[in-house]
Amino acid sequence: MSQSPACPRIGVYVCHCGMNIAKQVAVEAVTEFAARLPGVAVARHYKFMCSDPGQELIQQDIKESGLERVVVASCSPLLHEATFRKACAAGGLNPFCFQMANIREQVAWVTADKGRATSKAKALIAAAVERVSRAQPLERKRLAVGDKVVIVGGGIAGIHAALTIADAGKKVYLVEREPTIGGHMAKFDKTFPTLDCAACILTPKMSSVKNHPNIELMSYSEVEKVEGFAGNFKITIQKKPRYVHEELCVGCGECVDACVFPKAKFPSEFDEGLALRKPVYMPFPQATPAVVVIDPNTCLQLTKGKCKQKCVEACQRGAIDLKQEPEQVEVEAAAVIVATGFKTFDPRGLPQYGYGRYGNVYTSLEVERMVNASGPTGGEVVLKDGAKPRSVAIIHCVGSRDKKTHPWCSRVCCMYSLKLAHLVKERSGADVFSFYIDMRTPGKGYEEFYDRLLEEGVHFIRGRVSHITDWAMTKAEEGKLVVSAEDSLIGVTRRIPVDMVILSVGLEPQPDAQEVRKKFNISCSQEGWFLERHPKLAPVATFTDGVWIAGACQGPKDIPDTVAQAGAAASEALALIDKGYVEIEPNTAEVDPEACSGCKTCLGMCPYHAIRRDEEKGVAVVNEALCKGCGTCVAACPSGAISQHMFTDDEIYQELEGILSYV
Amino acid sequence: MRFLYYPGCSLKSSGRAYEESLLAVFARLQFPLEELPEWNCCGATAYMGIDEKKAFVLAARNLALAEQHGDGQPVHLVAPCAACYLVLLKTQKYMVEYKPIGRAISDALKSVGLKYRGQVKIRHPLDVLIKEVGLERIRAAVSRPLEGMKIACYYGCQVVRPFAEFDDPHDPMSMDDLLRACGAETVDWPCKVRCCGAMLTGTVEEVGQRRSYMILHEAMRRGVDAVATACPLCQFNLECFQGPMSRRYRDQVEMSVAYFTQIVGKAMGLDERTLGMHRLFIPLRQPPALLGTSHDC
Amino acid sequence: MSEQVPVGQPPDWEPRIVAFFCNWCTYTASDLAGVSRMTYAPNTRVIRVMCSGRIDPQFVLMALRQGADGVLIGGCHPGDCHYQEGNYKCLRRFAMLKHYLAAMGIDDPRVRLEWIAASEGDKVQRVTNDMVQRIKQLGPLKLEPVCQPGCRAMAGDQPSVGNRAVAADI
């Protein structure tokens, strides 16, 4: 085919991606094919197009061969589109005169037959060539960004991120749905493998949060609505009524003493139900903010409307207000960090382990409270009857590595089980039996900690526990809990009678992770963890610009990893703010006033109210700053008057033709 | 929706009491069960161990007949015997999951002019009573609540695993719920799904009897009036060897072992003979308050 | 199920399916299928759009006219649209389009809408394989190359139903 003057000069570059593509796609044949496509002036193949020499190839050809359009056939545009656009720009070509053909993720990696993989690659390249011939040079718009950050979740991830950003001089709103920040870490006694006390390292950070001039702590609050986009979010936060004026309360506890309930009666959430609290309570002594809260589900006044309201009387500062209503606050933020954490697996889902049936079967989190010096038993390990256990079994992988519950490894259980084994032994002198599948101790000082426990004489039995029962078979088993498991190292089924069982429960996504995900317009993996933009190269970014994730909401992880992620998310948010602007992908819609009939069909299509009707001219007008580039209005326009840059009808029809006309 | 009843060999012989009480209870609940015509052996146990393919074909023939009987309507095949229930479920699953097995079965069925499309739903009576009839209807049909009666529900190893999905495989509750709806008290005990000894009682007697003894011993320890079963072989193993067990383990073993349907029927005020009570070797132990009240005639 | 070749169909015939995938969910899922090395039938060719709401029913018709044997549309699950509700708009248009396709005598399985979330790489594999299988049973889509005044093919090139050769082959 002869080169028509209207047809721009196109360069096609086929990437081998090492052997990733070349193993399955005949790259030479594909390049030869591409060279003969209409408008193609240069066609090359190269080992790694994304490498410096690969990119230089493009730049050089733009300059020397006068390329006007570029096609790279390599991996997914979601991975390297930005890279090659930059390469085009560096060569002096408008970065939007570029098109990618995805022949790795959507061809080489998913096609068994080499011949058919090669033809599919040809079809996709032909499509890209046809499409790029219609591409138009475009300019990116810049929008100024704000300088505030909203952080959702006040566990160690949220706390660390908040302090990092606040120390950089930026304003942070830290939103926590519980009455206090601290999260799971606040409940722990010691942390592995160093056995330093969790409270000693966490509570100073908690009070820094409270006292930091750049942090506005919004406890007992939840994000209601998120609008806007990277750099300019508008976030509605609901403050739940705690029935106490936070600014007046000094946390003296007079109201708690005065409450009409003479004794604590309701299970304490913080103590995992092992201790009791009153309807008016402070979750724990170091709670931050150090303010009491009134539980609307147990307070007599709030449930029955009838109480002497002694608490109100007792508070000399008049901080208690039983008529408090929920309050909505709207804040602006340039960036959002979601650090909503995890939930532990409920072992009632595995009835064979007897949790809820046998009093002395505990979850690991309950035992964390028990071994905590400020916990319900003052750090003593005791049975339900108050006696010290003489033997304790710890069962690993409860709700982990099991197709019937969760297939994943929860990563922290082996290590915290070792820690609990040490603490239980130290506090009670009991014989400890640890039932594991594989001992997973990858981390600095972790394997050494395991070695130490072996030295300490903890009995390690490799085998998944089949059941726990009070069904005694021998005299020695009478009155005990019998743990039955195959010891897979010696190939024998063992029944071990113990006084207490600790179930090392796994980590799972928060029950409302899906709702949270929708609010922030981010994705979840199949298991329900928040999805990172790239598992290796963008582990804290999400598919929504301006929203980052940190900590166990992204997947099970321990404290050091969580803090590392929180720091990463904080610095990425800071990078956005310091840059000062966001660039908007120029894929917005535009109305051709000549063709528009002013029918208003498009107005109702736009979820962002970006289109209005110019009443004077009787035509629709798109506000580019509001348009997000979905293209819904384009497909709806009955007179074909709207087009979407980068996705014009012409470009798509041309792509279609490319797909179907050659191969 | 049609509910066909597949008795299997046991319910026509050693487990007649199960069939009699099952049909009586379903009749009382106005939930008719129609016997599958021309059924054959389900292919269980020994058959499955010696020639798997033939066992599958036997089971599949029953399924094909049931499907044919449905005339295009969805058919539920109710299999009260635990072994039948398991083999039918297994066949259904393997036909789909293992192509060569599916093909072998289809070919065999074809030779006798049958075809199975996999449309039959295989159900256990416990499943049907809980999910289809519902506890409400059962409560309404109870005329003589079993007040004061303490029962250990014994599901055996095959009813809830490995293929069944209607109840928890480790801690099933359907029979407990059912008997509680009849006014009885059921105990939480660890032997619900333990093996009764099954065929071993007839082959390696000591091993088999030991399994049964452990279960009965635990039931006695929990002070129950009776053990309720859902399987003819369990019932046989647990009930018929109590004498030898007593001698072997130097322990006085005495425990009523009845089909759950017999106990439900009792709560509905059905007559002893209709429920096959006379076929039990050890009469069903009942608290004094309930004695003598169940004879309507 | 045996793969019987319908009468009159060349034995090595492979259907060509054009897939319109939204950038945020289904295109990402398709990449995930790749990263997870899930092999599936190579008959689909994906056109990426930002949102399934961008998909004009005319794209589908044009694809069929240009020689595709089927069209697959993939969008985010209801309630998950990156642009709030583009997928609902797509669904509405799809319902209308189905009506039209039925009137034109185009078999139902040839045009399909699926909600595939970013995490559902396995669904891309499943749906693609299933669709290829179904279309294989139907055979090639033989549309009369009718050209109405004003249609694109009239305006520009020849109606090029499927057989354009590259330069050197002509």
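Letters A, B, ... are given to chains in the order of the sequence lines, protein chains preceding strands, and every chain is numbered from 1. For the numbers below, each heavy atom of this structure counts, side chains included, while hydrogens, waters and symmetry mates do not.
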Candidate pair C:Gln66 and A:Tyr653, rule side-chain contact (heavy atoms from CB on, under 4.5 Å), full reasoning
CA-CA 10 Å; C:Gln66 299 253 54; A:Tyr653 285 132; 5.8 Å; no

What distance do A:Gln106 atom CD and C:Tyr40 atom OH have between them, rounded to the nearest 0.5 Å?
5.5 Å

C:Thr44 versus chain A, heavy atoms under 4.5 Å apart: side chain, backbone, both or neither?
both

Which region of A:Ser76, side chain (C-beta onward) or backbone (N, CA, C, O), has a non-hydrogen atom less than 4.5 Å from a non-hydrogen atom of chain C, or is it both or neither?
both

Heavy-atom pair count under 4.5 Å with chain C, highest-scoring of A:Cys630, A:Cys637, A:Gly631
A:Cys630

Using a 4.5 Å cut-off on heavy atoms from C-beta on, say whether the side chain of C:Gln125 contacts that of A:Val110.
no

Which bit of A:Ile659 is near chain C, if near means a heavy-atom gap under 4.5 Å: side chain, backbone, both or neither?
both

Determine which pairs satisfy side-chain hydrogen bond (donor to acceptor under 3.5 Å, both in side chains) with at least one residue from residues 88-97 of chain C, sequence neighbours left out, and list them in order.
C:Glu85-C:Lys89

Where along residues 75-84 of chain C does a heavy atom come under 4.5 Å of chain A, listed by residue number?
C:Gly79, C:Asp80, C:Cys81, C:His82, C:Tyr83, C:Gln84

In terms of heavy-atom proximity below 4.5 Å to chain C, should A:Leu531 be classed as side chain, backbone, both, or neither?
side chain

Counting C-beta onward and ignoring hydrogens, is there a side-chain heavy-atom pair between C:Arg54 and A:Asp649 closer than 4.5 Å?
yes

A quick test of your reading: do over 12 heavy atoms of other residues, nucleotides or ligands sit less than 6.0 Å from NZ of A:Lys225?
no

Report which part of A:Cys524 has an atom under 4.5 Å of a heavy atom belonging to chain C: side chain, backbone, both, or neither.
backbone

Relative to chain C, which segment of A:Ala127 carries a heavy atom at a distance below 4.5 Å: side chain, backbone, both, or neither?
neither

Does A:His406 have any side-chain contact (heavy atoms from CB on, under 4.5 Å) partners at least two apart in sequence or in another chain, and if so, which?
A:Phe345, A:Trp408, A:Glu508

Checking A:Lys120 against chain C: side chain, backbone, both or neither under 4.5 Å from a heavy atom?
both

Which one of C:Ala41, C:Cys51, C:Gly86 has the most heavy-atom pairs closer than 4.5 Å to chain A?
C:Cys51

In terms of heavy-atom pairs under 4.5 Å, which option from C:Asp56, C:Ile47, C:Val46, C:Asn43 contacts chain A the most?
C:Ile47

Measure the shortest side-chain to side-chain distance between A:Arg116 and C:Glu14 over non-hydrogen atoms and say whether it is less than 4.5 angstrom.
yes

Closest approach of C:Pro42 and A:Thr111, non-hydrogen atoms and distance?
CB-CG2, 3.6 Å

Within residues 17-35 of chain C, which residues come under 4.5 Å of chain A, heavy atom to heavy atom?
C:Val18, C:Phe20, C:Asn23, C:Trp24, C:Tyr27, C:Thr28, C:Ser30, C:Asp31, C:Ala33, C:Gly34, C:Val35

Is there a side-chain contact between C:Met50 and A:Gln644 in this structure, where contact means two heavy atoms from C-beta onward sitting under 4.5 Å apart?
yes

State, without any angle test, whether A:Asn102 and C:Arg48 hold a side-chain donor-acceptor pair at a distance under 3.5 Å.
no

For A:Ala35, is it the side chain, the backbone, both, or neither that has a heavy atom closer than 4.5 Å to a heavy atom of chain C?
neither

By a 4.5 Å heavy-atom criterion (distance strictly below it), what part of A:Arg104 contacts chain C: side chain, backbone, both, or neither?
neither

Separation between CD (A:Gln526) and NZ (C:Lys123), nearest 0.5 Å, reads 10.5 Å

Using non-hydrogen atoms only, which part of A:Met646 is less than 4.5 Å away from chain C: side chain, backbone, both, or neither?
neither

